[in-house]
S.K.: 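If you scroll down you'll find the structure; I have some questions about it.
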Amino acid sequence: MAKDNWRVGVAGLGTVGGGLLTFLSEHPGFAPAGGTVSVTGVSARSRSRPRPFDISNLAWFDDPVALASSPNVDLFVELIGGSDGPAKAAVEAALKLGKPVVTANKALLAEHGAELAALAETAGVPLLFEAAVMGGTPAVKMLREALVGEEVVAVSGILNGTCNYILTEMEAGGRPFADVLAEAQRLGYAEADPTMDVGGFDAAHKITILAALAFGAAPNYAAAEVEGIDQIELVDIKLARELGYRIRLVASARRGEGGVAVRVHPALAPLGHPLAETSGALNALFLEGRRIGRIFIQGPGAGAGPTAAAVAADIADVMTGAARPVFQAPAAALKPLAGLDAAHQATKAYLRVMVRDQPGAIAAVSETLAEVGVSIDSFLQKPVQDVGGVPIVLTTHATREAVLLDAVERIAALPQVLGRPKMLRVAPV
Ligand code: HSE
């Protein structure tokens, strides 16, 4: 695909689009293969919105499909976002016309990755998406390229900067969830719809993509189990800390008997564990292989500069003639990953039970746990103000999740117990 100059169309002029335009205008000859890159056309929802970069010299397209189809565009960069709608239509249009596509769109790849891979491979053009996962931290190339000679058994980590920022700030400042979320939105970490972040869906899109790459399968977003941080209360952050843990939103894909468990949920990481020490909007990932053992990477998962750097790296790959299947096997051979039933997996758990301050309450809880065979690892009863009742907090030894859920139901039904116990898993997961 050698060319002296690549004419790039950029659809989506938000944080990442702006970062990319700025970088390419300052470094048009950045790619190692030589040649230059010039942005020839742009598209976004509003042409007149004030922006900290100049688009007055670029051809404007109201419709990203028209931009993708323009004869003046050789390579289409999709930074619109969203699994369907204009982003999907424009990517499909570009691929059908035989144009390489670079995208940061995790929802699109996680939900339609297999069909887009088939389109790209039929057209014989690359579809690249380094920026879709961990922003500027190269996780996708790690799995697509560096680890193809390894048998990966698990990938797990922190893939949503907004959630990590919220959890970090709630703990550091004793601040409520809603306050910190508003700040994350102001700082530009959050998705247009923050439910995608705090509900765990953004991390689920990302781990779905990493699972497909790690295990050579079609992305299967529907098989991911997703729980976000919207139910995490300050009291749990404080009590977990007393027990020596921090709460993190952990995304994981782990090979098991007959399938792969792909999950996103809050988990307690012991203080000193790299996930507990990953603070603010940073992302972090463990990659585990049979022979290599564990690799740990940590870095920015969002933001204009870092994410634009990942997009630029993909543009450079297109310029050098990148020619790999989109996932780890030709699209026609890809099958969706078989999921694994979480109920059969074992985990250590944190349980917070609010009890009436009366004799026999602790005994009733511990007897119930003993009845179902759950063994207690650590235990804490600490008065906490303004939460109603007295919290009993304990961690368990590793136990099958089905048994833990049964224990939660039984404890909830005890007359000494107020409300439903809060259960969180303990990392590593
Ligand atoms: N909303 C995402 C995050 C941005 O907070 O990590 C990058 O995908």
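Indexing begins at 1, ligand by ligand and atom by atom, following the structure's order.
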S.K.: Which residues pass the salt bridge (charged side-chain N to carboxylate O under 4.0 Å, His left out) test with Glu171, sequence neighbours left out?
M.R.: Arg241, Arg246
S.K.: Hey, is ligand 1 close enough to Gly161 that some N/O pair sits below 3.5 Å?
M.R.: yes
S.K.: Is the closest N or O pair between Lys106 and ligand 1 shorter than 3.5 Å?
M.R.: yes
S.K.: Counting C-beta onward and ignoring hydrogens, is there a side-chain heavy-atom pair between Pro176 and Met170 closer than 4.5 Å?
M.R.: no
S.K.: Could you check atom 5 (O) of ligand 1 against the protein and tell me its nearest heavy-atom contact, residue, atom and distance included?
M.R.: Thr162 OG1, 2.6 Å
S.K.: Does Pro270 have any side-chain contact (heavy atoms from CB on, under 4.5 Å) partners at least two apart in sequence or in another chain, and if so, which?
M.R.: Tyr245, His273
S.K.: Considering only protein heavy atoms, which is closest to atom 7 (C) of ligand 1, and at what distance to one decimal place?
M.R.: Gly301 O, 3.3 Å
S.K.: Classify the contact between Met196 and ligand 1 as side chain, backbone, both or neither, using a heavy-atom distance cut-off of under 4.0 Å.
M.R.: neither
S.K.: Do Phe129 and Phe327 have ring centroids that are under 6.0 Å from one another?
M.R.: yes
S.K.: Can you pull out the closest protein heavy atom to atom 2 (C) of ligand 1? Residue, atom name and distance to 0.1 Å, please.
M.R.: Glu191 OE2, 3.1 Å
S.K.: Please classify the Asn283 to ligand 1 contact at 4.0 Å (heavy-atom distances, strictly less than): side chain, backbone, both or neither.
M.R.: neither
S.K.: Met142 and side chain to side chain contact (heavy atoms under 4.5 Å, CB included): which partner among Leu210, Val133, Ile297, Leu285?
M.R.: Ile297
S.K.: Number the atoms of ligand 1 from 1 as they appear, then name those within less than 4.0 Å of a heavy atom of Lys206, with their elements.
M.R.: 2 (C), 3 (C), 6 (O), 7 (C), 8 (O)
S.K.: If you take all heavy atoms of Pro266 and Leu249, which pair is closest and at what distance?
M.R.: N-CD1, 3.6 Å
S.K.: Is there a donor-acceptor pair under 3.5 Å between the side chain of Arg352 and the backbone N or O of Ala240?
M.R.: no
S.K.: Numbering the atoms of ligand 1 from 1, which are under 4.0 Å from a heavy atom of Asp197?
M.R.: 1 (N), 2 (C), 3 (C), 5 (O)
